[in-house]
Each structure stands twice: as C-alpha cells, then as structure tokens.
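Quick notes on the structure that follows.
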Amino acid sequence: MKKTAAILSAASLALLLGACSEEGGAAEGLTEVTVGISGSDTTVWDYIADKAEKEGIDLEVVTFSDYVAPNIALAEGELDLNAFQTISYFDAFMEEHNIDNVVPIGSTVIAPMGLYSDKYESVEELPEGAKIAVPNEATNMGRALLLLDEAGLITLSEEAGLTGTVEHITENPKNIEIVPMVAGHTPRAMPDVAASVINNGIAVDAGLNPTEDPIARESDTAKPYINLIAAREDEADNEAFQTIVDIYQQEETAEFIVDYTEGAQIPTFIPVEELVDYK
C-alpha cells in the first residue's frame, strides 16, 4: 500500500507518522519502511513503492520542503531512509551538525544544477554588473560557483574545491554580483535578478524544465554530486532497505527515470564504497 505524506518540519513528522499508524499502518504481512525526500514530486518514488510492494515492502514516501529536516528526522529515528542529497552535501551536513549515525547505502542519480533566467536567453547576454542568485548552503554555493566558472562568467582559485565562496573568485570580467539565499528561494528571485542558479529538484517544483530552460547547465562539475540513499548506520544492512536500493538500481527503473525526467536526471549506480572517490 503506497502512501505519501507531505510535511513542513521534522517536529511534525512523529505525529504524522503516528497518525498514519493509527489509521492502519502497513498492509498485513508487509514490512513498513519510510523514506524522506525533498520536494513535492514523488513520481519516481511512487514507482519504487509499487515495485517494493511486490517484494513485501510497504514504502511510505514522506516529503519535506527543505534540505535540513530529512537528515535530522533520519538521525533521530523518525524515518528509516532518506533520498534527496548529494554525497558532497551529506558529508558537509553530517560534519556541521555532528551527526555520526547516518551513512550512505546506495547511489541514485545525478541531477545537474542549472542557471536560469527569465530575462536573457544566453550567458553571453548577461550584462555588466548582473545579479545572480545562488543557494547559500556551503556545498550548494560551491557547486553554483563551479557552474558559473564552467559557464565562463567567473574564475575560481584552485583552493575553492567543492565548497568555494565568493572569496575564491579570482576573475570576474562582468563584475557579476553574487546574491546568496536559501536554495528554495532561488526560483522566486528570478524576477529580481538577471539569473538564478537553481537545484534540479527545486527547478522542477517551480515549473522549470531542467533540460530545456537553463542558459547554462552542469556537465563535468556534476561528478561530485551523485545523489544517495541514506540510513542509520546500525540498520545499513537491513534486508528491506537493501531491497529498495536494488529496486532503484534496476535497469527498468533507470529507464523510467530517464523517460519521466526527459533526461534531466541521470541514473548513476555505483557501489557505496566508490562514492568516496567523488567527494
């Protein structure tokens, strides 16, 4: 039995899941598993849930409106899994919040970040002094600046790495003004800026097409940003969780993802131990 729950904060998650349990919980004979994602589009995970049910798993998809609550909820035992973040973001978040009981258990997709504008049709058209909105979370900002570097708008120092800041900009020929903000606000900022760097899932939620609409899009810089499925470390080998990873990484699922997202998400299935190579 597939269920989807939309919530705004980790604080309300326990109450919501408790209510679901009181309404009947998992179907008889099925193992109930909850997975937290960021954003409102559950299509791919609904597909996974349908396949999981045939394997004896009742997968409940819980949606969040930010990139913080899904990790806190997982670490505190209010979720079984989450699947919304890159390995780069995961590493930075766990260190910043002193969380040591959550680990990756599988890779999913690369969802390239894009530079969007409702005023200009190309990077070349961006004017002198153009304002560009970027997400302000450390790894997202670093990723956004790498995209602007790749697009030829700025040059970053070699020390920038994956968590570069404006201080790492060594060349800025158009005197671009970087405007940091919460990732979820970057689409809303488009009327007020020349362009906005927007995460793939957030762009989709905002009605943008990550394949057709960006005036610049990640290519090689996407390699460190493989998305993952995470679980608490003491349950990393849970049979039901591993089954969900296996379902996600089936060829049939990969084809569904590519077709549904029209190529905006690229299935990237590599062993967990190899994720370290992309940090």
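Every heavy atom of this structure was used, including side-chain atoms; hydrogens, water molecules and symmetry mates were not.
Within 6.0 Å of CD in Glu95 there are 12 or fewer heavy atoms belonging to other residues, nucleotides or ligands. More than 12 heavy atoms of other residues, nucleotides or ligands lie within 6.0 Å of CD in Gln250, so this atom counts as buried by the packing criterion. The number of heavy-atom neighbours closer than 6.0 Å to CD of Glu128, taken from other residues, nucleotides and ligands shown, is above 12.
Of the possible donor and acceptor atoms, one in the side chain of Asn200 sits under 3.5 Å from a partner among the backbone N and O of Ala264. At least one donor-acceptor pair under 3.5 Å links the side chain of Thr211 to the backbone N or O of Glu262. Side-chain N or O atoms of Arg143 include none that pairs as donor or acceptor with a backbone N or O of Leu162 at under 3.5 Å. Judged by distance alone, with hydrogens and angles left aside, the side-chain atoms of Asp149 form a donor-acceptor pair with the main-chain N or O of Leu156 at under 3.5 Å. Proximity of a side-chain donor or acceptor of Lys131 to a complementary backbone N or O of Ser196 within less than 3.5 Å is not detected. In this structure, Glu218 contributes its side chain and Met113 its backbone to a donor-acceptor pair below 3.5 Å. Between the side chain of Gln249 and the backbone N or O of Ser107 there is at least one donor-acceptor pair closer than 3.5 Å. Proximity of a side-chain donor or acceptor of Asn172 to a complementary backbone N or O of Ile176 within less than 3.5 Å is detected. At least one donor-acceptor pair under 3.5 Å links the side chain of Thr170 to the backbone N or O of Thr155. Of the possible polar contacts, one joining the Arg217 side chain to the Pro210 backbone as a donor-acceptor pair under 3.5 Å is found.
Once rounded to the nearest 0.5 Å, the distance linking CG of Asn71 with CD1 of Ile99 reads 6.0 Å. Of the inter-residue distances, the one linking Leu115 atom CG with Glu150 atom CD reads 11.0 Å to the nearest 0.5 angstrom. In this structure, Glu239 CD and Glu55 CD are separated by 10.0 Å, a value rounded to the nearest 0.5 Å. For the atom pair CG of Asn136 and OG1 of Thr186, the computed distance is 10.0 Å after rounding to the nearest 0.5 Å.
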Worked check of side-chain contact (heavy atoms from CB on, under 4.5 Å) between Thr253 and Lys51: CA-CA 10 Å; Thr253 303; Lys51 299 190 76 163; 4.0 Å; yes
Working for side-chain contact (heavy atoms from CB on, under 4.5 Å), residues Val193 and Glu177: CA-CA 10 Å; Val193 295; Glu177 180 181 345; over 6 Å; no
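Considering only heavy atoms from C-beta on, Asn82 stays 4.5 Å or farther from Val62 through its side chain. Between Met181 and Val134 the shortest side-chain heavy-atom distance does not fall below 4.5 Å. Residues Ile178 and Ile169 form a side-chain contact, since some pair of their non-hydrogen atoms from C-beta on lies under 4.5 Å apart. Looking only at side-chain heavy atoms (C-beta outward), Glu60 and Asp80 stay at 4.5 Å or farther from each other. The shortest distance between side-chain heavy atoms of Ile198 and Met190 falls below 4.5 Å. Looking only at side-chain heavy atoms (C-beta outward), Tyr116 and Pro187 stay at 4.5 Å or farther from each other. Between Phe90 and Thr139, the closest side-chain pair of non-hydrogen atoms is not below 4.5 Å. Side-chain contact check for Phe241 versus Arg232: every heavy-atom pair is 4.5 Å or farther apart.
Using a 4.5 Å cut-off between side-chain heavy atoms of Ile, Leu, Val, Met, Phe, Trp and Tyr, with links allowed through other members, Ile202 and Leu208 fall into the same hydrophobic cluster. Under the 4.5 Å side-chain heavy-atom criterion for ILVMFWY residues, a single connected hydrophobic cluster contains both Tyr248 and Tyr47. Hydrophobic clustering (ILVMFWY, side-chain heavy atoms < 4.5 Å, transitive): Ile257 and Leu81 are in one cluster. Under a hydrophobic-cluster definition in which Ile, Leu, Val, Met, Phe, Trp and Tyr are linked whenever side-chain heavy atoms come within less than 4.5 Å, directly or via other members, Leu145 and Val182 are assigned to different clusters. One hydrophobic cluster, built from ILVMFWY side chains closer than 4.5 Å, holds both Val44 and Phe269.
A donor-acceptor pair shorter than 3.5 Å cannot be found between the side chains of Asn227 and Thr108. Side chains of Asn199 and Tyr89: no donor on one and acceptor on the other come within 3.5 Å. For the residue pair Asn101/Asp234, the side-chain donor-acceptor check at 3.5 Å is not satisfied.
Heavy-atom minimum distance, Ala195 versus Leu126: CB-CD2, 4.2 Å.
Each of Leu146, Ile87, Val109 was compared with Tyr225 under the side-chain contact (heavy atoms from CB on, under 4.5 Å) criterion, and only Leu146 meets it. No option in Ile247, Ile48, Leu30, Thr243 other than Thr243 meets the side-chain contact (heavy atoms from CB on, under 4.5 Å) test with Ile57.
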